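Quick note on labels: first sequence line is chain A, next is B, and so on, each numbered from 1. Since this is a predicted model, take the numbers as computed values, not measurements.
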Amino acid sequence: MSDETGASEYRSGREGWWAALLPGLPYLLRRRWIAGFGILAMAAFLAAVLVLGRERVFATLAGGGGDIDDWVAFATLTLGLGSLWGLSFAALRSGPGGDRSAAWSQWSTAAREFTKNRLAVVGLGALVVLTAVTLLAPYLAPYDPVHIGDVVGTRNLRPSLDHLMGTDKLGRDVFSRVLYGARISLAIGFTAIAIAITLGTAVGAAAGYFGGVVDAILMRIVDVLIAFPRLVLLIVVVSLLGHSVNIVIIVLGLTLWPSTARIVRGEVLSLREREFIQAARALGFGDRRIIARHVIPNVMAPVIVGATLGIGNVILIESGLSFLGLGVPIDVPTWGRILDDGRAALLSTWWVTTFPGLAIVYTVVAINLIGDGLRDALDPRLRM
Amino acid sequence: MSPPILTVEQLRTYIHRGEQTLRAVDGVSLSLHAGETLGIVGESGCGKSLTCLSIMGLIEEPVRIEPGSSIRLHDRELSELSLRELETIRGNEISMIFQEPMTSLNPVWTVGDQIAEPVRIHRRADAGEARARAIEMLELVGFPNPEERVDSYPHELSGGMQQRAMIAMALACEPAVLIADEPTTALDVTIQAEIIDLLADLQRRLGMAMIFVSHDLGVVSQIADRVAVMYAGQVVEEGDVGDMFRRPRHPYTEGLLRCLPRLDRKVARLPVIPGDVPSPRDWPGGCRFHPRCAYAWERCLSAAPALTGEEHLSRCWLEEEPERRVPSRAGEPGADS
Amino acid sequence: VTACIDAGDRSRENDDAPVPEELRFGGTAVVGFLAEASSMNEFASNDINSDELQSYVLFTTLVRYDEDLQLVPYLAESWETTSDGEQRTLTFHLRHAVKWHDGAPTTAYDVAFTFDRIKALGRLFPRAASFSNYDSAVVQDSFTVTFFLKPHPGFLDPWSFTSPMPQHILGDVPLAELQQDPFGSVSPVGNGPFRFVEHRPGDRWVFEATTDFPEALGGRPYVDRLVYRIIPEPTTMLAELMSGELDVYLGVAPSQVEQVESSPTARVLRYETRIYAFINWNARRPLFADPAVRRALTLGIDRERLVEAVRYGMGEVAYSPLPPYHWAHNSQLQPLPYDPDSARALLDAAGWVDSDGDGVRERDGDRASFELITNSNPVREDVLEIVASDLATVGVEVIPRVLEAQTLGATITGSDRDFDAFVLGWGPQFEQNDRRIFGCATPEGLFHWAGYCNPRVDELLDRVASLEDRAQALPLWFEYQEIIQRDQPYTFLYYETRAIGIKNRLRAVEMDVRGTLINVNDWWIEPGSRRQIAASRSP
Amino acid sequence: MKRNAPGSVEPLVSVEELTRHFPIKKGLLRRTTGYIRAVDGITFDVRHGETLALVGESGCGKTTVARTLLRLLEPTSGRIVFNGEDVAQLNRQQLLAFRRRAQIIFQDPFGSLNPRMTVGSVLEEVIRVHGLAENGGLQRRVTELLSAVGLDPADARRYPHQFSGGQRQRIVIARALAVEPEFIVADEPVSALDVSVQAQVLNLLADLQERFHLTYLFVSHDLSVVRHIADRVAVMYLGKIVEIGDSETLFENPQHPYTEALLSAVAVVGAADDSRPIVLSGELPSPANPPRGCPFHPRCPHPEKDEVCRTTPPPLEAKAGGGMAACHKVVGRESSGPGQP
Amino acid sequence: MTSYLLRRLLYAVPLLWGILTLVFFIMHAAPGDPSAMYLLNPNVSQEVVEQIRSNWGLDEPLAVQYWSWLVNFASGDFGLSLAQQRPISAILADRIPNTLLLSGTALVLIFLIGIALGVIQAVRQYSTLDNVLTFGALLIYSMPTFWLGLMLILIFAHLSYQIDGWPELLRFPASGTTSIQYDMLGFFGKLGDRIHHLILPAFALGVGSAASVARYTRSSMLEVIRQDYIRTARAKGVPGHRVIMKHALRNAMLPIITLLGLYLPFLLSGSVLVEYVFAWPGMGDTIIKAILQRDYPLVMATSFVFAVMVVIGNLLADVLYAVVDPRIRYE
Ligand SMILES: Nc1ncnc2c1ncn2[C@@H]1O[C@H](COP(=O)(O)OP(=O)(O)OP(=O)(O)O)[C@@H](O)[C@H]1O
Ligand SMILES: Nc1ncnc2c1ncn2[C@@H]1O[C@H](COP(=O)(O)OP(=O)(O)OP(=O)(O)O)[C@@H](O)[C@H]1O
Ligand SMILES: [Mg+2]
Ligand SMILES: [Mg+2]
C-alpha cells in the first residue's frame, strides 16, 4: 500500500525548512498538485483577507467590536493560516505520505479513494471556501447585513462595484447578507441533519437488530411519519413554538429522521445475519454493546453519505419554508429569507432573488459532489 | 497430432489500477486440440478465470491483454479482432460457462429465451426455430419435460438445473471450444457428479474441445485429458492427467496432492504447503513459489525458471538440478507456519 | 397562442380622440387578484373579493355610495323613512325592470326573503352586526318593501353591501343548508350587469355581459366578458400583466409599481382605501401602560420614511382612527412628528433609562424590550424591521416576529392577550364602530387588543353610536380623535393607498375608497386590441 | 492422534429430538401456512474430547443445528443438554457462563470479523467482556492467543482486510479460544479456504484440540475433510440424521444408500477409472415439503426400494454393519446376517 | 397477487388511521381554530365568532370532536369545508384532477428523461458527455423548486415577451391551466393550449427529480453492468447495444421502480410550491390554505389524499417490481 509512487523520489527532505515558508510549497515539490495548490490558494485568500480587512482585524483586537462573530472570524483567520503552515511543515518533516499507523488505514484508504474523484475534491474545496468565507464574514462583508439606513436612496441598487450583488428593498447590501446568510443556512443544514441521523440511526439500528415487535412498532411509526404531510407538522410546530432558528432546526431534524431509520434498518437487517454479529452473540456480548460497537460503525457509510446529501436537502427545504413564511425570524438573514425578500419584485430587482438562489445552488452542488465522492469512497464493493 | 484448435501463447493479462500493475496472468501458454479436455487447476487468485476471459475477449478496462500475447482460434488471431468480429465468434465457435449459475443467468428472462438468444444472433433463426432449438438443447442436457421448463425463470430452477441451462446455452450453436470455468464449484457433491458426467458425455457426443477449470484436483483428474497447474499467474506444470497426478514434477503440484485429505486413508497429520497464496499485487521475485517451497535454494530466489520439458512440462529449477529434490527445511514437509 | 395584440396599443395620447360609444362594446377584460373570491352566496361569503363581485358584477344592491360617499338609489328607485323616536320605518321602492338572469323579475319579495334569511341565520351570518338594529320587513307590493328598525346612524349603510338574493331559487333551501348551497360556487344566478358563466375554484370566475341590463342602472357593460383570475404569486401576476394575459392586476405590490409604470403598455392607477396600518400597544404590559411612553414610541418612529420605504410612498402618515375619506375625519390634527430627541426625553422622564450601557433602557429591572409581531405579509415584515431599527436609536429594543395569520389572530384575541405589540392593517366600514377597539365596556371583547380604557372615550363613542345627526356628532368625533392622538393607544402608521396595474388598452377604469369594481360597467377595451376570439361576440 | 471416544462417559452435549422449523407465511393475514423443517427431530450425543462431524448437502440443516446448539436460534422443540444443563433453560447469567464454555467458528472468514476493529481489539473485547484478564494481563493474553493460532503478535494492530483468508480463519479461532471454551462448533471452517491453506487450519484445529482438550462439532460438506478430522460422523439429509457412526466404520462400510452415494460422488485424485459415481436422479426435495415416508426415497438408488419406503419414515436404528442408520432396507443389528445392499 | 394487494390495502387502513389521528391532534394543538379566519375581519363581530364556534362544534371536548370526525370519516363522509362552505368531496373533485395532471406529466417526464439520460451516461461512463450531464443534472437538482419556477417565469414568461427576436414557441404563459379563450378553441387548440400551460410547471416540478432519477439510473446501470449475467450475455456474442437494452436495462430498472413509489407523494408535496408559483389550481394550494385557515375537515381530507397517494405509490412500485422482476411473486 505504498503511496503515490511518483513521489517516492522525493522521499527524504531534500529541501530546507524555508520551503515551508510558502504554504503548500512542500506539497508542490512532492508533486501533490491538488493539495499544494489548494493550500497555496487558501493561504493567499486568508492573507488577502488579513490585508484588506486589516482595519476590522485591528478593531477586533482592540476589543472595539467585542462581537462574538468578530472573534470567530479572527480565530478562523489565525487558525486557518496557522494550520496551513503547520501542514506544510508537517509535510516537510514526514516526507511524502509517511506511513500512517494501521489504525488510520481504513480512513486513509477512503480518503485516498475520495481524492481520486476529481469532482468530489472540487466539491470539498468549494465547501471549504464557503465555510471559510462564512466564518470570515465579518471581515469580508462590506456592509452590515441587517442595518437599515436611509432606505430610499440606497434601495434596489443594481449590482455594481459598491454592491457586488446590489441592494434589497430596504437598502441592505445583498452580498453582505448572502455572506452572513451562509452561516445560518449551513448551521441549519448541519445541525438538522445531525439530529436526523442520530435519531434515525438509533431507531433504525434498534428496529433492525431486535426485529419482531420492536421492529414492527418502530417501522409503523416510520411509515406514518414518512406518509405524514410534513407541511402540517411544520406549520403547527412553528405556530406553536414560534419562528426561531432552533425551532426550524429541530423540526427539520425531527421530520427527516425516518428515512435514515429506514436505510439503517435495511443495513442492519442484512448485517444481523453477518457472521461477525452472530459471533458476537455467541461470545455473550450484550445487545447494547453489539449495536454500539459492531452494528452502528458498520452502517455509518451509507448514513454518512445520506447525511451529506441530506444537508443540501435541508438547505433547500429551509428556503421553501421561508417562501411559505414559515422560516426563520425575519431579522435573521438566511438564504431562503433573502431570496424571499426579493420575490415580489423579481422581475425588476432580479438580483435580490437570483444571487441567494445561486448561493444555494453552489452549496448544494458542492455538498452533493462530496456526497457522491463519499459514496464511492466508502463503498466497500469498490475497494479490494 | 493435428494442429491445435486453440493456441494461447505468452498471454499476459495485467490489471492497471492507478499506478499499480497487477500481473494477474503473466505469460501463460496453452494449446487445445480437437476433442480434448484440458484441465486447469490452481488455487484462488492464480489467474485461471482471467485466462479464460482473455481467451473470450471478455475483459474490460482496467484489465488489459498486454501486447505480445497471442490467442489463436484455428488460424485467426483473436486478440487482433475488432469487437464486432469477436461477437460473431463468441457463443458461436467458442463458448463459456461460469462458476455461479445463479448469478450468471439473467434473472428477468426465461431460460428458453436465454438459450435461444445465441441461436437467434448467430444463426439468424426466427423466434420459433430458436425456441425449438432451446427445447432441443434442454432435452440434451437432461431436463425433464423441456417443453415446460423452457418457460421457467432461472430462480425457479435448482442450482444443478441452472448449470444445465447454462451448458445448454453455451452449446446451442455447437461451438468448437467450450470453456468451463469452475462449473461445479458452487454445487453439492452429488450434483457435481451429475454435471461432470453430463459434460463428459456431451463432449464425447459433440466432439468439442474443452477447457475445464477447477481448483479441485479430484474433479480435474476425472474429466481432463491433460492438466495445466497454475500458480501466481503462470502455468507451473503441464502434462497428461494420469502422469501428472501420479508423478508430479513441480513441488507445488506435489504439495497440493499431498496436503489433500484423503478418503481412502487417514493420516495423523496432513502435510502442508506453508505460507499463503500470494496476491498478484506483489508476486515473489525469482521463482514465484520459492517462499513456500520445501526445496528452494538460492537460485530460486534470484532467477525465475522457465516452463521446460517435452510432454510433461514443469517450471522449476529442479528440472535442471534434480538432485536437489531433498527438503531443505527442517521438519518439512509438515511444518505449520 | 397568445391572443392579445399589444402592437397597436399606443398608450394614452389616444385619449384626446375618444372612441365613439358604439365602438366601445366588446372584448374580454381579465382581472387578476391574489386571493380567491370564495362564494357568490351573500349568506355565506365574508371576504372582500366576494363582496365586490356580488355588489358590482353579479348582483345589484339597493343603494350605493357615490364618489362623494353619499348614498344614492340603485336597485331601489327611492326610499322614504318615518320615525316615532323609538321605531323607524324604512320603505324601499324597487325598479321594475331588473330581471334575474334566468328571466324572473327582481321583486320586493326577494329583498324581504334576503332580510328574513339574514335574521334567521342570526349570528351565523358573518355581518349579523350590521342588521342588529333591524327588526322586521313587510312586503307592501311586488316592488315595495318596508323595514322596521331602531333609529341609528347610517341605517341605510347595510343596504350598500347587501344584495338581494333570488327567492325563487333559494327560497326552498332549508336554512341549515343555505350557506352550503351550490348556488354560491357552482350555479349562482344574479341580476347585475354580468351573468355567471363559470367558476373554476382556485383559478377563475367567468362572467359575461347582461345584454338587457337596464339603462337606469348603467345599461349593458361595454366588455363582453369579465374574467376574474386568481394568481397568488405577485411575480407571476406581474408577468401575466406584462405579457398581456391580464388587463388588470389588483393589488400591485409597492415594489412592483415602478416597473408597471415604466412599461409602455400598462399604467398604474392609485386609489385611496379605507385601510390604515397601525401598531397596537398592549397597555396591559408595564412598558406600554403609560401614554407618555406610547407617545415617545410614536415620536421615535420616522413614519414619513416608513411610508416611503415600505410603500414606496403609497400612503399617508396616519394619526386618527377615522381615515381622511371619513366625514368626521379631523384634519386639523397633525401627525406627531419624527422627533427622537423628544422621544428620548419622554422615556427618560417616564423612568426608562439605560443604566447599564447596553443600549437598551430599563426601569425597575424591566428592559425596554418587546416583541413586535405581525402576520406574514412582505410589507408588514418590512415595517417591523424599520420600526425595530428606528426604535433602537431611542434605546428601545424591538424583537420582530412574524406569525402566520391565524396564529396572530388567536394570539391577539386570546383571553390572556399574551403579546406586547403588533402591526396590523384595519379597514373599517363606512359606519365606523370604534367601541369594539377602544371602548372599555367590554375589555374581553374580541378586538379590544389595546387594553386601552378612557371613560371619556367610552362616553363619546356611545353618544355617536346613537346620534343620527352628523352635525351633532361631528364635535364628539373630533374630541374623540384628539384624545386618541394624545393617548396613542395605537401608533397609527399610514393610511394605505393602493395601486393597480392596468393594460393601456383597457379604458375608463376607476377605483376609489369604495372598491375596485365600482365602475366595471364602464370599462371598455380599445377596439383594435381586443382578444381576437371574444371580439366576434360584440353586438 | 486418533482417540477412541470413551463411550461410557457422560456425553458433553446431548441433543434429543431437536427440531427447528422456520415458518412460511402466506395469504391475506400472513398466516403461517407451513414450515421449513430445517431440523426435524434429531438426536445425537457429542462426547467429551471427540470430534463429531456433521455432513450433508447444502440446505440439509447443518448450520441450523450448529446455531441452535449454541442458542443463537431457539429450538422449536427438543432438548439440548450441555454438561447436564438444559441450554434452553439458562438465564442470563448462566447463558453468559455457557458461552464461555461453548463457542462457534463460521465458514466465511471474511464475514466473521468486524471489518472496523483491529485484531487486537477484537480479542481484547472478548477478554474484557468476560473479565478474563486484568488490564496488565490483557496484552499478554492477546499475544498468547495469537501465537497459539500461529500468528505474529505484532499483527494485533492490523485490520481483518489486511489478512489472507487462512490467517483470518486463525483469528476467528483465536477469538473463540479467548474464552477458554471446552466445546467448539465449527461450521464449515475450511470450506472457503484454498486447499493449500485448508491443511494448515485442519492441523491447527487438531493441535488445539489436543492442547486444550476441546470437543468439536465439525460441520462440513467435504467428506475427505470429515474423514480426516472426525472421530464420529453424522450424515444429515433433509433435516434428519440418516446415519451416524464411527468415522472408520462409516467410511469403510456405509449403511445408508445416501451415505454410499455421497461417498461415491467424491472426486478423488487417482481413483480407478471404473469407479463411476452413483448418480442420484431427481432433485433435492424442499425441506418445506419433505417427501412422505423415507425422506430419501425419491432419489434412492436402492434396488429394493418399495412401498414401505414411500409411506413409513424409517427410524434411526443400530445396523448390523456398525453405527446407526435410518433405512428400511438395511438390516438391523439384532437380525443377524450380512445384509449388505 | 390479489391476496397480496388485499393485504397491503388492509395494512394501509391502520396506517392511514394513524396518520390521520396524528394530523387531527396536531392540527388541534395549533393555535387558533377555523373561526380564527374571522378574527381579523373588521366586518365580523365577536358574537358571530362565538356562534360559529359552537355551530361547528369547536367548543366540544377534543375527544368528542375526534370521535365524531372518525365516525363520519369512516362512513366516507369528508364533511364540509368550514372556510369554503362547500362539500369537501366537491373541492377534491375540483382539485385532484389538476394536480394529477401536473404531477402525472412531471412523473412521466421524470422517468422518460431521467432514465434515458442515465442510460446514456452509464454507457459513456467517464466520457465528456457523461461528465457534462452529471454536472448539469446536479446543478438542476440543486435548485430550490420554487426558485427554479420563478426563474422560469422570469425568463420564459417575462423576458421572452420583452425581447423581440425571441422565438414564439419559447414563450409560455406564467399561470393557470388554460387560456382565457380556451372555451372557444377547437379540439387541437384546446390540447395545445393545455400543453402550453403545462410545460413550465411540469418542468419546474419534474426536472430536479429527473436529474436524480438520471443519477440513480446511471449508478444502477453501472452496477448491473458488472453482474455475471451481463458477462454471460457478452460471452454469447450478444452485441453491445443489445446487452444494454435487453439484458441490463430491465435489471437496472428495479431500484428505479422503487423511486416511482417514492416520487408520487413527493411530487404531490413538491407541487405545493410549484402550484403556488404558477397559480395552478390543484391540491397544493388547497392544502396550504386549509392548514392556514385551520379548516380542520379539509386538512383531514387532504392529508388523507396525500397519505393514500403514498400508499398507492408504494403499492404501484411493488406491483411494477413484480412485473419487471419475475423473481418476485407476491402471495
Ligand atoms: N476485473 C478485475 N479487476 C481487478 N482485479 C481483478 C479483476 N479480475 C480479476 N482480478 C484479480 O486478478 C487475480 C486473478 O483473478 P482470477 O479471477 O483469474 O483468479 P482465479 O484463479 O480464477 O481465482 P478463483 O479460484 O477465485 O476464481 C485475482 O487476484 C483477482 O483479484
Ligand atoms: N432464518 C431462516 N428463515 C427461514 N428459513 C431458513 C432460515 N435459516 C435457514 N433456513 C432454511 O432451513 C434450511 C436449512 O438451512 P441450513 O442453513 O441449516 O442448511 P445447511 O445445511 O447449513 O446448508 P449450507 O451447506 O448451504 O450451509 C434451508 O432450506 C434454509 O433455506
Ligand atoms: Mg475464477
Ligand atoms: Mg450451512
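Taking E:Ser160, E:Pro281, E:Gly176 one by one and counting their heavy-atom pairs under 4.5 Å with chain C, the maximum is reached by E:Pro281. Among E:Ala90, E:Ala174, E:Gly189, the residue making the largest number of heavy-atom pairs under 4.5 Å with chain C is E:Ala174. Your options are E:Gln162, E:Gln293, E:Glu50, E:Gln51, and the one with the most heavy-atom pairs under 4.5 Å with chain C is E:Gln51. Ranked by heavy-atom pairs under 4.5 Å with chain E, the list C:Val186, C:Leu124, C:Asn433 is led by C:Leu124. Chain E forms the most heavy-atom pairs under 4.5 Å with one residue out of C:Gly122, C:Ala129, C:Ser185, and that residue is C:Ser185.
Looking only at side-chain heavy atoms (C-beta outward), C:Arg200 and E:Thr178 come within less than 4.5 Å of each other. At a threshold of 4.5 Å between non-hydrogen side-chain atoms, the residues C:Ser243 and E:Arg171 do not count as touching.
In this structure, C:Phe161 places its CZ atom where more than 12 heavy-atom neighbours from other residues, nucleotides or ligands lie under 6.0 Å away. Heavy atoms of other residues, nucleotides or ligands lying less than 6.0 angstrom from CG of E:Leu169 number 12 at most.
Only the side chain of C:Leu408 comes within contact range of chain E, with heavy atoms under 4.5 Å apart. Interface remark: C:Arg436 contributes side-chain atoms only to the contact with chain E (heavy atom separation under 4.5 Å). Contact of C:Phe125 with chain E is made through the backbone alone, with heavy-atom distances under 4.5 Å. Residue C:Ser39: no heavy atom, backbone or side chain, is found under 4.5 Å from chain E. Only the side chain of C:Ile412 comes within contact range of chain E, with at least one heavy atom under 4.5 Å from a heavy atom of that chain. For a residue to count as touching a neighbouring chain, one of its non-hydrogen atoms must lie under 4.5 Å from one of that chain's; by this rule C:Leu424 touches chain E with the side chain only.
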- Message: Run C:Glu404 and E:Leu292 through side-chain contact (heavy atoms from CB on, under 4.5 Å) and show every step you take.
- Response: CA-CA 7 Å; C:Glu404 163 251 338; E:Leu292 292 181; 3.3 Å; yes
- Message: Could you walk me through whether E:Ile291 and C:Gln406 satisfy the side-chain contact (heavy atoms from CB on, under 4.5 Å) test, starting with their C-alpha distance in whole Å, then the side-chain angles of each, then the deciding distance to 0.1 Å, before giving a yes or no?
- Response: CA-CA 10 Å; E:Ile291 295 176; C:Gln406 312 299 307; over 6 Å; no
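At distances below 3.5 Å, at least one donor-acceptor pair connects side-chain atoms of C:Glu240 with backbone N or O atoms of E:Ser175.
Checked against E:Ile180 for a side chain to side chain contact (heavy atoms under 4.5 Å, CB included), the options C:Val30, C:Asp247, C:Leu246 give a single hit: C:Val30.
Of all heavy-atom pairs between C:Pro201 and E:Arg86, the closest is CG-NH1, 3.5 Å.
Between the OH atom in E:Tyr161 and the CD atom in C:Glu245 there is a gap of 6.0 Å [rounded to 0.5 Å]. The distance from atom CG of E:Asp94 to atom NE2 of C:His199, rounded to the nearest 0.5 Å, is 7.5 Å.
For a heavy-atom cut-off of 4.5 Å, chain C lies close to no residue in residues 298-306 of chain E. Contacts of residues 226-237 of chain C with chain E at a heavy-atom distance below 4.5 Å involve C:Val227, C:Arg229, C:Ile230, C:Ile231, C:Pro232, C:Glu233, C:Thr235, C:Thr236, listed in sequence order.
Looking only at atom types and distance, the side chain of C:Arg204 has no donor-acceptor partner in the side chain of E:Thr177 under 3.5 Å away.
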